[in-house]
Structure formats: structure tokens, C-alpha cells
2 protein chains.
Amino acid sequence: MKTPEKTRCESCIIRQFNALKAFSKDELKVISDNKITKDFKKGEQIFKEGEKLNGVFCVRDGASKLSKLSENGKHQIVKIAKKGEILGQRSVVADEQTNLSATALNDTSMCYIPKQLIIDKINENPEFTRNLLKIMASDLRESDNFIVNMSQHNVKQRIAEALLYLETNFGTDDEGFLSVNLSREDLANVVGTATESCIRLIADLKKDGLITTKGKKTKIDDKRGLEDMISGF
Amino acid sequence: MKTPEKTRCESCIIRQFNALKAFSKDELKVISDNKITKDFKKGEQIFKEGEKLNGVFCVRDGASKLSKLSENGKHQIVKIAKKGEILGQRSVVADEQTNLSATALNDTSMCYIPKQLIIDKINENPEFTRNLLKIMASDLRESDNFIVNMSQHNVKQRIAEALLYLETNFGTDDEGFLSVNLSREDLANVVGTATESCIRLIADLKKDGLITTKGKKTKIDDKRGLEDMISGF
DNA sequence: CGACCGGTTGAGTGCGGTCAACACGCGTGG
DNA sequence: CCACGCGTGTTGACCGCACTCAACCGGTCG
């Protein structure tokens, strides 16, 4: 983790995607003066579950996984955060320790904003608070939907869902391969299965002509086919 | 569903448990004048996923399940709401249709508060908004934890968890039986399994001396034992 | 070079889903 | 009043998905 040159929040477009868009020029200046830019290398841990955070992380670029360790030693990935999202806001709002660990999936650039600044703004700027509320309401819906998907779909369907999710949320490179490259293990941890099962089912999807792989990269060939399979055809 | 005599919000203790505790006497009067008390019989549906709600439901008494239908025709129960919780606040905050259906698990008494009142209060009363924020933050943690439990525990462990959850959150009657009596099917829908599997594993738990049943009622005999089993002993 | 990590494949097993039959209580209508 | 249907609970049998353990391969790094 290193701390490179700063970018001013006032001129940062990322904030349009999160609750920070409520802030005035002046407010942004204060935040900008107090934030720290932090970069994380692929695989580096941003924070660990149970930690008390002293600030939140605004994702400028890159992808990171939010996961939780269960007593059998497996990491369950609950969410993959993308550009514009803010990590740790739940913990700061609730004034609790973090419930999840965050780890960079690729080289990642974050802005670290001290907790007190966020708390002050919650008390001062109602528009900001309402934004936060909406975002958390949306997160909550996502989580509830995830629960249903986990319990009502088999592993193959869940893998298909995860791949589609990665495509729509992180896009593809110029050859059509997924931009975010989850390791087989991470993918298995997203869908809540063993790595071996994950590998085998990916091989199945290839055989079915729904996806192709090249090296460690994955490409979705038949989006419609995947969606149909998820629905049970 | 019938609408019995009103209880004034000012003198209602239930509100201490939810975001409404932020309101002044005057604000409560307005709410009280605009709310409707609605009662639901066991099994009655309070609202259905996809509906546009025009208000929220404050649970005065009883238990209700929040569930979602998946395309294979099964209901996954995501949460069981208890006295003091507010149903529909997520949808109202996000200005979306409901993501979940709500159904009464036993005879239930609700206060229906028009949506606009809640929206106005979000804009007027920052303390209320902050309360909402904290509650949703807490709901979000619960949901994330549920995801991890679902994917990392086997069905037997999940049933044990569900029973413990019912005991701690809804208590027992004077003989020690769980106050909320989920049907086998509902319990299966909580843990995301087939009713038959659920029944068989409950029989296991009985054989192991961890629980007993009498008629349709269930009693937890060895809380510690259940907890150990969940942790994998 | 060996160590190690990620990916891959094979073989065996058991958990849990599915279908079918049956028991039981309850309300309803003939 | 009983017959009947229906919803819920229960049990049996079967089978396949997915977990586990183990071996192996290729690349990378010390």
C-alpha cells in the first residue's frame, strides 16, 4: 500500500456514483484536505472483519471483494465492490466494528476519508444522509436477493449468475473477456462452493458452448443461454 | 383483516424499538391521527412482492415472515419480523416496489402509517433519518451474516440456528415451548431446504436429545448442544 | 534447482432433493 | 351424522449433486 499524489474531490467524477454527490464545493474542499489516497496491490487486504474503522474507503478504481470468514475456515464473498462505491460506511453509520473483510481483487486506488468527517456530515447535511439511506436500502435489497439466489439455485446456476454479474458490472476487455479476473477459488467463494466443483462446472459451461476461456481469462459467449439456464431450462 | 379501535402513538411503547422514537409529542399526534390500525389473521398476506406500498406497517404484536418467491415456485423466507419492527420502510426509502412479501405467522396487529408522512419526516427530522440509517445498517449486517450462514452451514446446522433464533427473539411459553410456531414448511423455507429434509433433521435433533416436541410445539432442551453442533462438534 | 501456488482431474461418498404413500385432524357439505 | 377433501406431518426409497481427499501439472519465484 502506498500513498500517491492526491486528486481533488472537487474534480473527481467518481463521487457522482455515491452519497458524496450531495456535497457543495466548500464541503468537498474540506473532505479533500482531510482525505488520504491509498493504493492497494492485487491481493492486499484493505481491512479485516472485526476491525474498528477510523474512516471509509471510496473506490476510485479497481475491484475489491467483501468477505466473511466462517468457523470452518472458508471465506464467503458477500459482495464485489466497484468504482464509486464506499467501503466501511455501514460500520461507520452503525458505529460498529466491520462485519466483513475487504481485499483488493486487482490493483486498486482508494480515497480514505476520516470517519469523523462522515459522521459530522450525517448530522449537518440532510441531503447526504438521505443519499446514504437510499444506498443502504439498495444494498439491502441486493443482499436479500443474494440470499434467495444462494438457496434456490444450484451451483452451476450460481456460477452463471456470478459471471453475468461480473460482465454487467465490470465489463469486458476489447476481446470480450471479463475485465475482473476472479481466481477459481474466489469464484467458488462467491457462489459458496468448493473450488473443485467450481472448476468442473465451468468446464461444463464451456462444453455447453456458453462460455470460453483463454489462459485465466473468461468470456461469455451466450448470455441468453446462461440466463435461460439460471431460470431452469 | 379488520381495523379495531386505535391506540395513540404517544402512549405506545413499541415505538421505542424503532426509528419512530425520534419523534416529539406533536409529531406523534400527527402520525396517530393519520395511521390506521390493521389486524391480520394467521396466514393472511400483508403485502406481496412487487407491490407499490403507500405506507409502512409498524408491528404492534405478532410475528410475520418476509419472503421472496423464486422462479422454481419456492418461497425463501429472508427474515422474521417481530414486535416493534417496521415493514416496508426499505421500499419507501428507496421509492421502489417491495422486494419481499410479508405474511402474518400468527394473529398480528399492525399500525399502517401513510408513506408521505414518513417521507416528510425524513426531510424534516434528521434524528429520525439517522435512526432509520442505523436500523438499515443493522439489517444489512444481519442479511450479510445470513448469507454466510446459508452457504457455510449444512441443513441441520441451519435448522438449529433457526430454532435458537426463534427462542431468543420471540421467547417461549410457560412450558418452555417456542412462542412462534413455524410450520415445518415455513421452517424449511427459512433454512432453504425441502420440507421432508427439515422434518427428518428435526427428528435427528430429537434423537440427539437437543430438542423435544409436543404436538406442533417445539422446545429447546440443550441450547449449548445446539450451539456446539452449529460450530461443528 | 526445489518450493509453492493455482488450476485440473479422478474416485468415492454422503447429504439432501424428489417422488410416492400414508397418517391425522379439521372443516364442509351432502 | 358420516363421507369426503384438504392441509400438514411423517416415513420410505432412490438417486444425483456437490463435497472431500488425493494426485498431478505448469508456471513462477526465491
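This is a predicted model, so every value here is computed, not measured. Numbers restart at 1 for each chain; the letters A, B, ... are given by sequence-line order, proteins then strands.
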Check the side chains of [Y] and [X] for a donor-acceptor pair under 3.5 angstrom, ignoring hydrogens and angles.
X         : Y         : answer
Lys219(A) : Thr172(A) : no
Ser109(A) : Asp61(A)  : no
Lys68(B)  : Asn99(B)  : yes

* Take Arg224(A) and Asp228(A) through the test salt bridge (Lys or Arg N to Asp or Glu O under 4.0 Å) and record every step on the way to the result. => CA-CA 6 Å; Arg224(A) 188 58 191 281; Asp228(A) 285 351; 3.7 Å; yes
Within this structure, what is the [atom1]-to-[atom2] distance between [X] and [N], rounded to whole angstrom?
X         : N       : atom1 : atom2 : answer
Ile202(A) : dT8(C)  : CD1   : C1'   : 12 Å
Lys216(B) : dA23(C) : NZ    : P     : 18 Å
Glu196(A) : dG10(C) : CD    : P     : 14 Å

* Asked: Does Arg90(B) have any salt bridge (charged side-chain N to carboxylate O under 4.0 Å, His left out) partners at least two apart in sequence or in another chain, and if so, which?
  ->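 Here the qualifying residues are Glu96(B).
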* Asked: Excluding sequence neighbours, so at least two apart, what forms salt bridge (charged side-chain N to carboxylate O under 4.0 Å, His left out) with Lys79(A)?
  ->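 Listed in chain order: Glu85(A), Asp139(A).
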* Output the residues of residues 143-153 of chain A in contact with DNA chain C, where contact means a heavy atom of the residue under 4.0 Å from an atom of the strand; sort by number or write none. =>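 Correct list: empty, so none.
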* Asked: Got a sec? Which of residues 180-195 of chain B come in under 4.0 Å of DNA chain D, heavy atoms?
  -> Ser183(B), Arg184(B), Glu185(B)
* Between which nucleotides of DNA chain D, 5' to 3', does chain A make heavy-atom contacts below 4.0 Å? ->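 So the contact region on DNA chain D extends dA18(D) to dA22(D).
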* To do: Classify the side chain of Arg200(B) versus the base of dG17(C) as yes if they form a donor-acceptor pair under 3.5 Å and no if they do not.
  => no
* **Minimum heavy-atom distance between Gly192(A) and Arg158(A), given as atom pair plus value** =>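 Gly192(A) and Arg158(A) have their closest heavy atoms at O-NH2, 3.6 Å.
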* To do: Name all pairs fulfilling the side-chain hydrogen bond (donor to acceptor under 3.5 Å, both in side chains) condition that reach into residues 160-171 of chain B, sequence neighbours left out, sorted by first residue then second.
  => Lys82(B)-Asn169(B), Asn149(B)-Glu161(B), His153(B)-Glu161(B)
* To do: Supply the atom-to-atom distance Ile46(A) CD1 to Glu51(A) CD, rounded to the nearest 0.5 angstrom.
  =>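 It is 11.0 Å, given to the nearest 0.5 Å.
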* Do Leu205(A) and Leu163(A) have side-chain heavy atoms sitting under 4.5 Å apart? -> yes
